[in-house]
Participant: 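My questions will all concern the structure given below.
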Amino acid sequence: MTSATLTRESPATLPPAPASPQRRSIPPRIRVQRTLLTVTIILIVIVQVYPLAWLLITSFRTASDFAGGNPFAFPTEFTLENYGRAFATGNLGLNIVNSLIVTLGASLLIVVAGMMAAYALQVLGFRFSGFVRALFLLGIIVPVQIALVPLFIDYSQVGLLDTHLSMIIPLAAFALPMSVYLFSSFYEYIPRENYEAASLDGAGPYRIFAQITLPLSVNTIITVVLVNSIFIWNDFIFANTFVLSDGLKTIPLGLQNYIGAMGNTDWTATFAAVCVTVTPLLLVFLVLNKAMIQGLESGATKG
């Protein structure tokens, strides 16, 4: 039998037709969970965004419209005079500068001290390092109110009362425990081989810190700065206790200037001032939120 006969008589072998993809049905329980999760997220967004939207809209309302109508109603008339009054009534520009000095100074101190402490505890290591780390973590539960009177007495004796440092030092000190924890959690997952290879090349601990640890910690630094900047920018307790002159008042203290005689408050100008002071911090968060999320996740997963 020839090959031609075999070819003619044997049936052609065709590849099997691909099976049509069947859509997997989502179980009703999963659909309900997804719906509840979506509704919850929408409600959280509304609760978070509505006050900011109301604050922004109200800052453009006239004083008569806000006082005579429903405060939560949509304004019938818009004006920019509130922002002019906000800068004319109080020292808003000077308050912003003071808050910026305190925030940047405290953030710098937090990052430098937190990174070095975490590097010594987690990377270098020493005897009783675990005990020292536990002492740092205990600082998280210490309330700030217990330090007001002792610090006030000490500042008055050494001449630090009514200065920027009187606010920067305690703000950085009370934020240090959480910062050490975040940096230590990140350093734990840096491969030890990197440090060993640098040591074999003759690098000392300072050079290893500057060339290996510091460049890898950028996202964690951004996270620490942004998390603490919220509390530093809005701090009232330390500023109200240690600041005595108007020239050093920060934003929370400066907002008291909009309260007039007999407790009368220029609400629309106050809302305009709050919008001016909140906007820079909000813009920074919108720009750096991705780096902040990566910094928070870096201590939880490897890589």
Participant: Mind checking the OG-CH2 spacing from S59 to W54? Nearest 0.5 Å is all I need.
Facilitator: 10.0 Å

Participant: Would you give the length of the straight line joining atom CG of L121 to atom CG of L135, rounded to the nearest 0.5 angstrom?
Facilitator: 10.0 Å

Participant: Indicate yes or no: at least one non-hydrogen side-chain atom of I190 is less than 4.5 angstrom from one of Y195.
Facilitator: yes

Participant: If you group Ile, Leu, Val, Met, Phe, Trp and Tyr by side-chain heavy-atom gaps below 4.5 Å, do L124 and F131 land in one group?
Facilitator: no

Participant: Is the OH atom of Y206 crowded by more than 12 outside heavy atoms at less than 6.0 Å?
Facilitator: no

Participant: Please determine whether residues L216 and M115 belong to a single hydrophobic cluster, defined as Ile, Leu, Val, Met, Phe, Trp and Tyr linked transitively by side-chain heavy-atom distances below 4.5 Å.
Facilitator: yes

Participant: Would you compute the distance between atom OG1 of T277 and atom CG of L282 and round it to the nearest 0.5 angstrom?
Facilitator: 11.0 Å

Participant: Write down the atom of A175, the atom of I110, and the distance for their closest heavy-atom approach.
Facilitator: CB-CD1, 3.5 Å

Participant: When you compare the side chain of V123 with that of F209, does any pair of heavy atoms fall below 4.5 Å?
Facilitator: no

Participant: Walk me through it: do I232 and S107 pass the test side chain to side chain contact (heavy atoms under 4.5 Å, CB included)?
Facilitator: CA-CA 9 Å; I232 298 172; S107 298; 4.2 Å; yes

Participant: Assigning hydrophobic clusters by single linkage (Ile, Leu, Val, Met, Phe, Trp, Tyr; side-chain heavy-atom cutoff under 4.5 Å), is V243 placed with L151?
Facilitator: yes

Participant: Decide yes or no for L176 and V180: does some side-chain heavy atom of the first lie under 4.5 Å from some side-chain heavy atom of the second?
Facilitator: yes

Participant: L148: which residues meet the side-chain contact (heavy atoms from CB on, under 4.5 Å) condition with it, sequence neighbours left out?
Facilitator: I237, F238, T241, F242

Participant: Just wondering, more than 12 heavy atoms not from R31 lying within 6.0 Å of its CZ?
Facilitator: yes

Participant: Evaluate whether atom CZ of F78 has more than 12 neighbouring non-hydrogen atoms of other residues, nucleotides or ligands under 6.0 angstrom away.
Facilitator: yes

Participant: Identify the heavy atoms of A272 and A86 that sit nearest to each other, and give their distance.
Facilitator: CB-CB, 4.3 Å

Participant: Quick check against the 3.5 Å criterion: does S99 have a side-chain atom that pairs as donor or acceptor with the backbone of I96?
Facilitator: no

Participant: Taking the side chain as C-beta and beyond, is there a heavy-atom pair between I221 and L214 under 4.5 Å?
Facilitator: yes

Participant: Just how far is it from atom OH of Y83 to atom CZ of F271, taken to the nearest 0.5 Å?
Facilitator: 11.5 Å

Participant: Between S129 (side chain) and F126 (backbone), is there a donor-acceptor pair under 3.5 Å?
Facilitator: yes

Participant: Can a donor-acceptor pair be found, under 3.5 Å and without considering hydrogens, that links the side chain of T58 to the backbone of L55?
Facilitator: no

Participant: If I compare all heavy atoms of N228 with all of S179, which pair ends up nearest, and what's the gap?
Facilitator: ND2-OG, 3.5 Å

Participant: Any side-chain heavy atom of D235 within less than 4.5 Å of one from N240?
Facilitator: no

Participant: If you look at every heavy atom in N82 and R61, which pair is closest and at what distance?
Facilitator: ND2-O, 2.6 Å

Participant: Mind listing the closest non-hydrogen atom pair of Y155 and L165 along with its distance?
Facilitator: OH-O, 4.2 Å

Participant: Look up atom CG in N98 and atom CD1 in I251, then write down how far apart they are to the nearest 0.5 Å.
Facilitator: 9.0 Å

Participant: If we ignore angles and hydrogens, is there a donor and acceptor under 3.5 Å between the side chains of N95 and T250?
Facilitator: no

Participant: Kindly indicate whether the side chain of V149, heavy atoms from C-beta on, has any atom under 4.5 Å from the side chain of I153.
Facilitator: yes

Participant: Please tell me if the side chains of H164 and L248 come closer than 4.5 Å, counting only heavy atoms from C-beta onward.
Facilitator: yes

Participant: Test your reading of the model: is there a side-chain donor-acceptor pair from W233 to the backbone of L100, 3.5 Å cut-off?
Facilitator: no

Participant: Say whether V225 and I101 are linked into one hydrophobic cluster, either directly or through other cluster members, by side-chain heavy-atom distances under 4.5 angstrom.
Facilitator: no

Participant: Would you name the heavy atoms of A198 and I208 that are closest together and state the gap between them?
Facilitator: CB-CG1, 3.9 Å

Participant: Tell me whether D162 contacts the main-chain N or O of L244 through its side chain, where contact means a donor paired with an acceptor under 3.5 Å.
Facilitator: yes

Participant: Please answer whether the main-chain N or O of G254 pairs with a side-chain N or O of N91 as donor and acceptor at a distance below 3.5 Å.
Facilitator: no

Participant: Which pairs count as side-chain hydrogen bond (donor to acceptor under 3.5 Å, both in side chains) when at least one residue sits in residues 116-125, sequence neighbours excluded?
Facilitator: Q122-R133

Participant: Is there a chain of hydrophobic side chains (I, L, V, M, F, W, Y, each step under 4.5 Å between heavy atoms) that links L36 to I42?
Facilitator: no

Participant: Kindly indicate whether the side chain of S229, heavy atoms from C-beta on, has any atom under 4.5 Å from the side chain of T103.
Facilitator: yes

Participant: Around atom CD of Q33, are there more than 12 heavy atoms of other residues, nucleotides or ligands at under 6.0 Å?
Facilitator: yes

Participant: How long is the span from the OG atom in S166 to the CZ atom in F152, to the nearest 0.5 Å?
Facilitator: 10.0 Å

